[in-house]
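Chain naming here is simple, since letters A, B, ... match the order of the sequence lines and numbering starts at 1 in each.
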Number of protein chains: 2
Amino acid sequence: MRRTPLDPDTLEAVANRFKVLAEPARLQILNELRAKPSNVTELIAATGLNQANLSKHLQLLYTHGFVMRKRDGLFVVYALADPSVFALCDIMCAQLGRRGTELRKRAR
Amino acid sequence: MRRTPLDPDTLEAVANRFKVLAEPARLQILNELRAKPSNVTELIAATGLNQANLSKHLQLLYTHGFVMRKRDGLFVVYALADPSVFALCDIMCAQLGRRGTELRKRAR
DNA sequence: CACTTAAATTACTATATGGTTATATAGTTG
DNA sequence: CAACTATATAACCATATAGTAATTTAAGTG
């Protein structure tokens, strides 16, 4: 059995990681990278995000260790560094499924 | 094999759920409730959050289906509605463990 | 080295949200 | 129903951050 996280530093560290995933644009990026590693230009096309915005999201994903990157000539290729993200998303999606039924009323 | 979530509504719904967990105070509340259902007064004591703030966090946790509640006389008792939260946290914590080594440099 | 393309960074704006104080509501008890 | 306690809500401020436009940096090519 695991001890639950209690100290403020751990709480904050975990919250910060959730925060990185708490953004549709970043989930979309991760989802694209799930299919295949891509350079920024490809990601612009795939996501519809503009260059500066995408770059900022990529920085954040990178500094938090969700993606890796390597330069390839003029391009920088990003790739998933942490597939466990999708385990998280799958759990979330499962919750979404159950949600539909009972949460509509609350949300209003 | 699971199809990955792609449509904007799903992305946003998943992001919104992550957002709820992307807050140390709410993680702390969930962690308290993991031990036992508690009323608001008890949670004030356990978390150190003030009444209004705690109440807002509880509303959010409730509307997103992370907690249940029932009135008990003057009190309102909150309880975990969705233990899968801790599966999420465990995955996050595992990432934290791996992180320490290589991410310190990036974070700066 | 001048020119071009890719990506990162800077500066800015707008919006969302956490915390707080004050107030309102719900339920209990006399 | 008046007084009291527990919780929820409203109003406000301060901060964080997503998006954008403009600029800079890095790398490649003539």
Worksheet item: Does Pro83(A) have any side-chain contact (heavy atoms from CB on, under 4.5 Å) partners at least two apart in sequence or in another chain, and if so, which?
Response: none

Discussion item. Quick check: closest heavy atoms across Leu33(B) and Ser38(B), and the distance to 0.1 Å?
Written reply: CD2-N, 3.8 Å

Practice prompt. Please list, in 5' to 3' order, the outermost nucleotides of DNA chain D lying under 4.0 Å from any heavy atom of chain B.
Written response: dT5(D) to dT9(D)

Item to complete: Please identify each residue that fulfils side-chain contact (heavy atoms from CB on, under 4.5 Å) with Ala87(A), with sequence neighbours left out.
Response: Ile91(B)

Worksheet entry | Within residues 35-43 of chain A: residues closer than 4.0 Å to DNA chain C (heavy atoms) | Asn39(A), Val40(A), Thr41(A)

Worksheet item: Counting only side-chain N and O atoms of Arg71(A), is one of them less than 4.0 Å from OP1 or OP2 of dA6(C)?
Response: no

Worksheet item: Which residues satisfy the side chain to side chain donor-acceptor pair (under 3.5 Å) test with Ser84(A), sequence neighbours excluded?
Response: Asp82(A), Gln95(B)

Discussion item. Please list all pairs meeting side chain to side chain donor-acceptor pair (under 3.5 Å) that have one or both residues in residues 67-77 of chain A, counting only residues at least two apart or in different chains.
Written reply: Gln59(A)-Arg69(A), Arg69(A)-Tyr78(A)

Worksheet item: What residues form a side-chain contact (heavy atoms from CB on, under 4.5 Å) with Ala15(B), not counting sequence neighbours?
Response: Pro24(A), Leu27(A)

Worksheet, complete the sentence: Between Cys89(B) and Phe18(A), the two heavy atoms sitting closest are SG-CE1, 4.1 Å

Item to complete: In whole angstrom, give the distance that lies between atom CD of Glu23(A) and atom P of dA16(C).
Response: 12 Å

Discussion item. Through direct or indirect side-chain contacts below 4.5 angstrom among Ile, Leu, Val, Met, Phe, Trp and Tyr, which residues connect to Phe75(A)?
Written reply: Leu74(A)

Discussion item. For residues 42-57 of chain B, which residue pairs pass the side chain to side chain donor-acceptor pair (under 3.5 Å) check, not counting sequence neighbours?
Written reply: Arg26(B)-His57(B), Asn53(B)-His57(B)

Worksheet entry | Nearest-angstrom distance from the residue atom CG of Leu74(A) to P of dT5(C) | 10 Å

Worksheet entry | Minimum-distance pair of heavy atoms, taken over all atoms of Leu80(B) and Met68(B) | O-CE, 3.6 Å

Worksheet item: What is the distance, rounded to the nearest whole Å, between atom CG of Leu60(A) and atom P of dT9(C)?
Response: 13 Å

Practice prompt. Using a cut-off of strictly less than 4.0 Å between a heavy atom of the residue and any atom of DNA chain D, enumerate the qualifying residues of residues 45-59 of chain A by number.
Written response: Asn50(A), Ala52(A), Asn53(A), Lys56(A), His57(A)

Discussion item. Determine whether Phe66(A) and Arg17(A) satisfy the following criterion, side-chain contact (heavy atoms from CB on, under 4.5 Å), listing intermediate values before the conclusion.
Written reply: CA-CA 9 Å; Phe66(A) 288 102; Arg17(A) 288 188 74 74; 3.4 Å; yes

Fill in: Side-chain N,O (Tyr62(A)) to OP1/OP2 (dA7(C)) below 4.0 Å
no

